[in-house]
Amino acid sequence: MRVMELVLHAHDLCGGLGVPWAPSDSVVEYVLADAAPAIERIRAVGAIGPALVPDSDRPADRLLAFAGRSRS
């Protein structure tokens with residue numbers, strides 16, 4: 001859960017700062033595999049929006065879409 005929070009909040013911070021967000025594929029794949037149930041529980045209480053269609057098949061885009069975020 002902590003790794004998921006750090007990866008997703010890093011995306012938010014990078015967007016706010018105007019710097020690229022480029023997590024490693026291995027970290028993102030880990031989060032996708034390990035944190036999916038946690039994301040679904042958080043989504044069930046309304047703290048994360050619905051899953052989106054990913055911009056690409058890249059792991060980072062799949063994670064953002066699954067967590068209800070987009071690259072923009």
Side-chain angles (χ1 to χ4, degrees):
M1 178 99 166
R2 178 65 60 201
V3 174
M4 174 198 67
E5 289 177 337
L6 292 171
V7 170
L8 290 174
H9 290 308
H11 170 263
D12 301 338
L13 287 170
C14 286
L17 295 170
V19 298
W21 177 71
S24 72
D25 287 350
S26 60
V27 168
V28 174
E29 291 287 4
Y30 169 77
V31 172
L32 281 166
D34 193 63
I39 290 173
E40 290 294 4
R41 285 192 303 273
I42 295 167
R43 188 186 329 277
V45 298
I48 291 179
L52 306 172
V53 175
D55 291 340
S56 76
D57 283 339
R58 292 180 43 217
D61 289 338
R62 290 186 295 125
L63 175 61
L64 290 176
F66 183 64
R69 291 173 161 88
S70 66
R71 280 221 174 249
S72 38

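Annotation: side chain of Leu63 is in contact with side chain of Leu8 (closest heavy-atom distance under 4.5 Å). A 4.5 Å side-chain heavy-atom check between Leu52 and Leu64 finds every atom pair outside the cut-off.
Ala60 and Pro23 get closest at one heavy-atom pair: CB-CG, 4.3 Å. Shortest non-hydrogen contact noted between Val53 and Ala65 is C-CB, 3.9 Å.
Cys14 contributes atom SG, which lies 13.0 Å from atom NE2 of His9 (distance to the nearest 0.5 angstrom).
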_Please evaluate residues Glu29 and Arg62 with respect to the criterion side-chain contact (heavy atoms from CB on, under 4.5 Å), reporting the C-alpha separation (whole Å), side-chain torsions for both, the decisive distance (0.1 Å), and the verdict._
CA-CA 9 Å; Glu29 291 287 4; Arg62 290 186 295 125; 2.7 Å; yes
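With sequence neighbours excluded, the residues forming a salt bridge (Lys or Arg N to Asp or Glu O under 4.0 Å) with Asp12 are Arg69, listed by chain and number.
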Atom pairs and distances, donor-acceptor, side-chain atoms in residues 32-42, under 3.5 Å, two or more places apart:
from: Asp34; atom 1: OD2; to: Tyr30; atom 2: OH; distance (Å): 3.4
from: Glu40; atom 1: OE1; to: Arg43; atom 2: NE; distance (Å): 3.2

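In this structure, the side chain of Trp21 engages the main chain of Val7 through a donor-acceptor pair within 3.5 Å.
The hydrophobic clustering, which links ILVMFWY residues whose side-chain heavy atoms are closer than 4.5 Å, places Val31 and Leu13 apart. Linking ILVMFWY residues whenever their side-chain heavy atoms come closer than 4.5 Å, directly or via other members, places Met1 and Val28 in the same cluster.
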